[in-house]
Amino acid sequence: MYTRINWITWWLLNIVTCGIYGIYIWYKMTKDLNDMAEKVDEKPVMGYILQLLLGCVTCGIYSIVWMFQFFGLMSRLSDKYGAEITPESSFVKVIISIIPIYSFYWMADAYNKLADKAEA
């Protein structure tokens, strides 16, 4: 049900499409995490596209807040589904998500672990 993400494809297509594919992947991950959250009575986060628009209006401040909410949801879902996504801290996850190239690998791996456990 949940699409698996290949980090190399994500990274390469993000470069080729000048970031458009990256926006699609973040949209898809957010939609899927919100779906997983509803199944276990967790509060979903705001959709990715609306977050982008609010981030533009607030000079990026809301986007930073949203990242913490997104990774917080990922941590809570990891606990509920037993996906064992590391690190546990939302702050460290935000830091990892801005590391060039490695962030694609880590995000795809974390999402895939969670998707595997949510479908089981």
Side-chain angles (χ1 to χ4, degrees):
M1 179 174 181
Y2 300 115
T3 306
R4 300 305 180 269
I5 298 172
N6 181 309
W7 75 272
I8 295 173
T9 304
W10 179 12
W11 178 62
L12 289 174
L13 286 177
N14 195 44
I15 293 169
V16 171
T17 63
C18 300
I20 294 171
Y21 188 73
I23 291 171
Y24 168 73
I25 290 294
W26 273 97
Y27 165 80
K28 180 78 173 128
M29 281 193 302
T30 304
K31 183 176 172 290
D32 288 348
L33 285 183
N34 283 338
D35 183 55
M36 292 176 207
E38 288 176 8
K39 290 180 181 177
V40 292
D41 295 326
E42 276 291 333
K43 182 181 175 193
V45 296
M46 178 182 290
Y48 185 73
I49 302 300
L50 185 56
Q51 172 274 139
L52 277 179
L53 296 172
L54 284 174
C56 290
V57 171
T58 62
C59 299
I61 294 170
Y62 188 79
S63 293
I64 294 169
V65 171
W66 182 86
M67 290 291 285
F68 281 96
Q69 292 173 347
F70 177 85
F71 288 116
L73 176 62
M74 185 180 270
S75 293
R76 291 189 306 277
L77 290 174
S78 176
D79 290 342
K80 288 200 176 193
Y81 285 112
E84 300 178 8
I85 296 173
T86 55
E88 298 269 330
S89 167
S90 295
F91 178 74
V92 176
K93 287 178 183 170
V94 170
I95 298 301
I96 288 174
S97 74
I98 60 175
I99 297 172
I101 302 173
Y102 179 71
S103 62
F104 291 92
Y105 166 76
W106 181 82
M107 282 291 300
D109 183 55
Y111 170 80
N112 291 338
K113 282 181 184 177
L114 200 50
D116 288 340
K117 292 292 185 173
E119 285 183 344

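Hydrogens, waters and symmetry mates play no part in the numbers below; they use all other heavy atoms, side chains included.
A continuous path of hydrophobic side-chain contacts links Ile101 to Leu12 [ILVMFWY only; heavy atoms under 4.5 Å]. Ile20 and Val16 are members of different hydrophobic clusters when ILVMFWY side chains are connected at heavy-atom separations under 4.5 Å. Linking Ile, Leu, Val, Met, Phe, Trp and Tyr residues whenever their side-chain heavy atoms come within less than 4.5 Å leaves Val92 and Val65 in two separate clusters.
Here the side chain of Asn34 pairs no donor or acceptor atom with the backbone of Pro44 at under 3.5 angstrom. Distance alone, capped at 3.5 Å, is enough to place a donor-acceptor pair between the Asn112 side chain and the Ala108 backbone. With Trp106 contributing its side chain and Thr86 its backbone, the two residues share a donor-acceptor pair below 3.5 Å.
Note that the OH atom of Tyr24 and the CD1 atom of Ile49 stand 11.5 Å from one another [nearest 0.5 Å]. Here Met29 contributes atom CE and Trp10 contributes atom CH2; the two are 4.0 Å apart, rounded to the nearest 0.5 Å. Taking OH of Tyr111 as the start and OG1 of Thr30 as the end, the distance is 10.0 Å to the nearest 0.5 Å.
Between Ile96 and Met107, every side-chain heavy-atom pair lies at or beyond the 4.5 Å cut-off.
Ion pairing between Lys31 and Asp35 fails under the 4.0 Å rule for side-chain N and carboxylate O.
Other residues, nucleotides and ligands contribute only 12 or fewer heavy atoms inside 6.0 Å of the NZ atom of Lys117. Trp26 CH2: more than 12 foreign heavy atoms inside a 6.0 Å radius. More than 12 heavy atoms of other residues, nucleotides or ligands sit less than 6.0 Å from atom OH of Tyr2.
Heavy atoms only, all atoms of each residue included: Ile8 and Asn6 are closest at N-OD1, 2.9 Å. Nearest heavy atoms, Tyr21 versus Thr9: CE2-O, 4.2 Å.
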For residues 66-81, run the donor-acceptor check on the side chains, cut-off 3.5 Å, and write out each pair with its distance to 0.1 Å, sequence neighbours left out.
residue: Trp66; atom: NE1; partner: Met46; partner atom: O; Å: 2.8
residue: Ser75; atom: OG; partner: Phe71; partner atom: O; Å: 3.1
residue: Ser75; atom: OG; partner: Glu88; partner atom: O; Å: 3.2
residue: Ser75; atom: OG; partner: Lys93; partner atom: NZ; Å: 2.5
residue: Arg76; atom: NE; partner: Glu42; partner atom: OE1; Å: 2.7
residue: Arg76; atom: NH1; partner: Gly72; partner atom: O; Å: 3.3
residue: Ser78; atom: OG; partner: Glu84; partner atom: N; Å: 3.3
residue: Ser78; atom: OG; partner: Ile85; partner atom: N; Å: 3.0
residue: Lys80; atom: NZ; partner: Val40; partner atom: O; Å: 3.4
residue: Lys80; atom: NZ; partner: Glu42; partner atom: OE2; Å: 3.2
residue: Tyr81; atom: OH; partner: Met36; partner atom: O; Å: 3.1

In residues 50-61, what donor-acceptor pairs under 3.5 Å come from side-chain atoms, sequence neighbours left out?
residue: Gln51; atom: OE1; partner: Ser63; partner atom: OG; Å: 2.6
residue: Gln51; atom: NE2; partner: Tyr48; partner atom: O; Å: 3.2
residue: Thr58; atom: OG1; partner: Leu54; partner atom: O; Å: 2.9
residue: Thr58; atom: OG1; partner: Tyr62; partner atom: N; Å: 3.0

- Message: Test side-chain contact (heavy atoms from CB on, under 4.5 Å) on Met1 and Asp32; report intermediate values, then the result.
- Response: CA-CA 9 Å; Met1 179 174 181; Asp32 288 348; over 6 Å; no
